[in-house]
Amino acid sequence: AYRRQRQMCIRDRFKEDNVALDIEYVRKQFPSLVTEWTLMDNAGGSQILKGVVDKITQYYYSNNVQTGGSYELSQKAASSLTEGRKNIATLFNASRPEEIVFGPSTTVLMQFLAKAMAHQFQAGDEIVVTNIDHESNIGPWVALQKIGVKLKFWNMNEKTFELELDELGKLMTDKTKLVCCTHVSNVLGTINPIKKIAQLVHERGAKICVDGVAYAPHRAVDVSSWNVDFYALSLYKTYGPHHAALYCKYDHMPGLANLYHYFYDANKIPAKLEPGNANYELSYASGAIVDYLASLGAHTCKNGTRREQLEAAFQQIKEQEIALSERLLICLRKRNDCHVLGNPSGTDPLRVATISFTIDNQDPEHVCKKLDDHGIAIRFGDFHARRLIEGMGLLEANGAVRISLVHYNTVEEVDKLIAALDIVLPQ
């Protein structure tokens, strides 16, 4: 029955793979888009789905009690948390809900993970980090140098802005225990080949920890296919509440230290990695992200599973964002004074719609403030990828300008931005 259903879904995709994103439907799911501002700072935090807010309200008004009790409301609260974990497991394509750890942010979850893994390292062991990551996936591992861990930096190719597998291979030795890298730089917007990286890392006997924050809003996460060990994302940058989730491969869970009370044993999974308990209402409500994606994917994959519909949704999202990115990048490529950080082609499938650039003789802060006057919300700075911006010699120049688009942005909004840029930055 499952095979027949999947075949029907594939046929639906084949028939309707050119169906455009229903932008009117999409924008109705984000009530906060009804504003005078054009919101293009989405990599800093996306707008929240109405379904998420509805579920938060539902939780508060129906079973806002502590889990673990014998009474009915407590049992319902526990079921809500379980439901949320199952939904986010679908978002990750994890093999089981217990592989999902909730926390307030990716920064905190990475710090929790480093603390839970610290006992697995000995003096002389090596950890590889990149110079293009958000500090969330660098700082916690740097801190392990105090126990004698040796840190190595995997630097990008300064001409292509890409991480090269050959360079990683040269860095790794038999003492390398962990490789930490980003799936997409929140500055460069380039998708790194995580499946190939994971394969190399595992062949060398190490584990891999991936920051997927800048990837998850744009493409379907698939930890099972990629065979990664740890993968984190921020739900508030993926259309949800201010909350985050970390995938830990189940086989690694027992070996991680307990971060909760001393009487939590190694098999109290994943609670031992959620000190103080996960936020119940946000964990439950985050499931509405999957509800939304499934509803969007059902437009082209009517008979698929929720996961298949989610993947179909991201295909529509990808096409929408490619169109928006290229429209903007055509404008930026025409400027002799503009320098795009990363791939300048919006049609490259290995680029997401996070576009950073500098303008000759223009302070990025001043550019953003000029666009404020046109009601366009973007951002400047180092975006907490301080080591990358510093390495590119941009720190003293106030970093870069970043325009971060997602699928609910429209062609009309991009055209408004282009027109405003022509006014505030005449050539």
Side-chain angles (χ1 to χ4, degrees), residues 2 5-6 9 12-13 16 19 21-34 42 45-64 76-97 99-100 102 212-213 215-224 233-245 247 278-318 320-321 406-408:
Y2 174 78
Q5 186 180 49
R6 184 169 179 82
C9 177
D12 284 344
R13 288 188 194 179
E16 304 180 32
V19 174
L21 182 76
D22 186 345
I23 193 66
E24 182 178 355
Y25 170 81
V26 166
R27 289 182 70 87
K28 284 181 179 178
Q29 312 312 309
F30 296 90
S32 56
L33 292 178
V34 182
N42 298 291
S46 67
Q47 296 305 296
I48 192 168
L49 285 157
K50 180 180 184 298
V52 172
V53 178
D54 288 345
K55 281 201 167 190
I56 292 173
T57 303
Q58 175 195 344
Y59 183 90
Y60 274 134
Y61 289 163
S62 63
N63 50 271
N64 182 28
K76 286 183 177 179
S79 295
S80 296
L81 178 59
T82 298
E83 179 184 329
R85 208 180 296 276
K86 286 180 178 178
N87 274 315
I88 299 306
T90 299
L91 182 66
F92 279 83
N93 202 27
S95 62
R96 53 199 298 175
E99 294 180 317
I100 302 302
F102 287 118
V213 171
Y215 179 91
H218 308 286
R219 303 285 192 275
V221 173
D222 193 345
V223 294
S224 294
L233 59 85
S234 294
L235 294 162
Y236 72 95
K237 297 181 180 181
T238 315
Y239 320 117
H242 204 106
H243 203 40
Y247 162 81
N279 181 300
Y280 299 148
E281 65 273 17
L282 300 188
S283 300
Y284 166 63
S286 294
I289 300 169
V290 179
D291 295 340
Y292 163 68
L293 291 168
S295 72
L296 189 61
H299 292 180
T300 56
C301 187
K302 297 181 180 66
N303 299 305
T305 64
R306 275 167 66 82
R307 175 64 197 186
E308 288 167 342
Q309 289 172 342
L310 179 149
E311 292 174 1
F314 273 108
Q315 183 60 36
Q316 296 175 55
I317 287 169
K318 174 184 174 181
Q320 169 76 354
E321 292 183 356
V406 290
H407 69 290
Y408 55 60

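Across every non-hydrogen atom of Ile48 and Ser32, the tightest pair is N-OG, 4.4 Å. Of all the heavy atoms in Ser62 and Gln58, the pair that sits closest is OG-O, 2.6 Å. Of all non-hydrogen atoms in Tyr25 and Ser295, the two that sit nearest each other are OH-OG, 2.6 Å. Counting all heavy atoms, side chain and backbone alike, Ala312 lies closest to Gly297 at CB-O, 3.9 Å. Nearest approach of Pro97 to Ala89, heavy atoms of both residues: CA-CB, 3.9 Å. Tyr59 and Ala77 make their closest contact through OH-CB, 3.5 Å (heavy atoms, listed as atom of the first residue, atom of the second, distance).
Note that Lys55 lies in the cation-pi zone of Tyr284, set by a 6.0 Å cut-off to the ring centre and a 45° limit from the axis.
The line from OG of Ser286 to CD1 of Ile100 is 11.0 Å long, rounded to the nearest 0.5 Å. Expressed to the nearest 0.5 Å, how far CG of Asn87 lies from OG1 of Thr82 amounts to 11.0 Å. In this structure, NE2 on His407 lies 7.0 Å from CD1 on Ile23, to the nearest 0.5 angstrom. Going from atom CG of Asp291 over to atom CG of Leu49 covers 9.5 Å, rounded to the nearest 0.5 Å. Taking CG of Leu235 as the reference point, atom CD1 of Ile289 lies at 4.5 Å (rounded to 0.5 Å). Note that CG of Leu21 is 5.5 Å distant from CG of Leu296, once rounded to the nearest 0.5 Å.
The closest donor-acceptor contact from the side chain of Gln315 to the backbone of Glu311 lies at 3.5 Å or more, if one exists at all. A donor-acceptor contact shorter than 3.5 Å is absent between the side chain of Gln320 and the backbone of Ile317. No donor-acceptor pair under 3.5 Å is formed between the side chain of Gln47 and the backbone N or O of Leu33. In terms of modelled atom types and a separation under 3.5 Å, the side chain of Gln309 and the main chain of Cys301 share a donor-acceptor contact. Side-chain atoms of Thr238 never come within 3.5 Å of backbone atoms of Leu233 as a donor-acceptor pair (strictly under, hydrogens ignored). For Arg307 (side chain) and Ala294 (main-chain N/O), no donor-acceptor pair under 3.5 Å exists by modelled atom type. Counting only distance, with no hydrogens or angles, the side chain of Thr305 and the backbone of Glu308 share a donor-acceptor pair below 3.5 Å.
The aromatic rings of Tyr239 and Tyr292 lie perpendicular to each other, with more than 60° between the two planes, well past the 30° mark.
Between Tyr408 and Ser46 there is a side-chain heavy-atom pair separated by less than 4.5 Å. Side-chain contact between Ile56 and Leu282 is present, with at least one heavy-atom pair separated by less than 4.5 Å.
Using modelled atom types and a 3.5 Å distance limit, the side chains of Glu321 and His218 yield a donor-acceptor pair. Judged purely by distance below 3.5 Å, without hydrogens or angles, the side chains of Glu281 and Tyr60 pair a donor atom with an acceptor atom.
Residues satisfying the side-chain hydrogen bond (donor to acceptor under 3.5 Å, both in side chains) criterion with Gln29, sequence neighbours excluded, are absent altogether. Not a single side-chain hydrogen bond (donor to acceptor under 3.5 Å, both in side chains) links Ser79 to another residue, sequence neighbours left out.
Here His243 and Phe102 bring their ring centres to under 6.0 angstrom of each other.
Sequence neighbours left out, the pairs with a member in residues 85-95 that pass salt bridge (Lys or Arg N to Asp or Glu O under 4.0 Å) are Arg85-Glu274.
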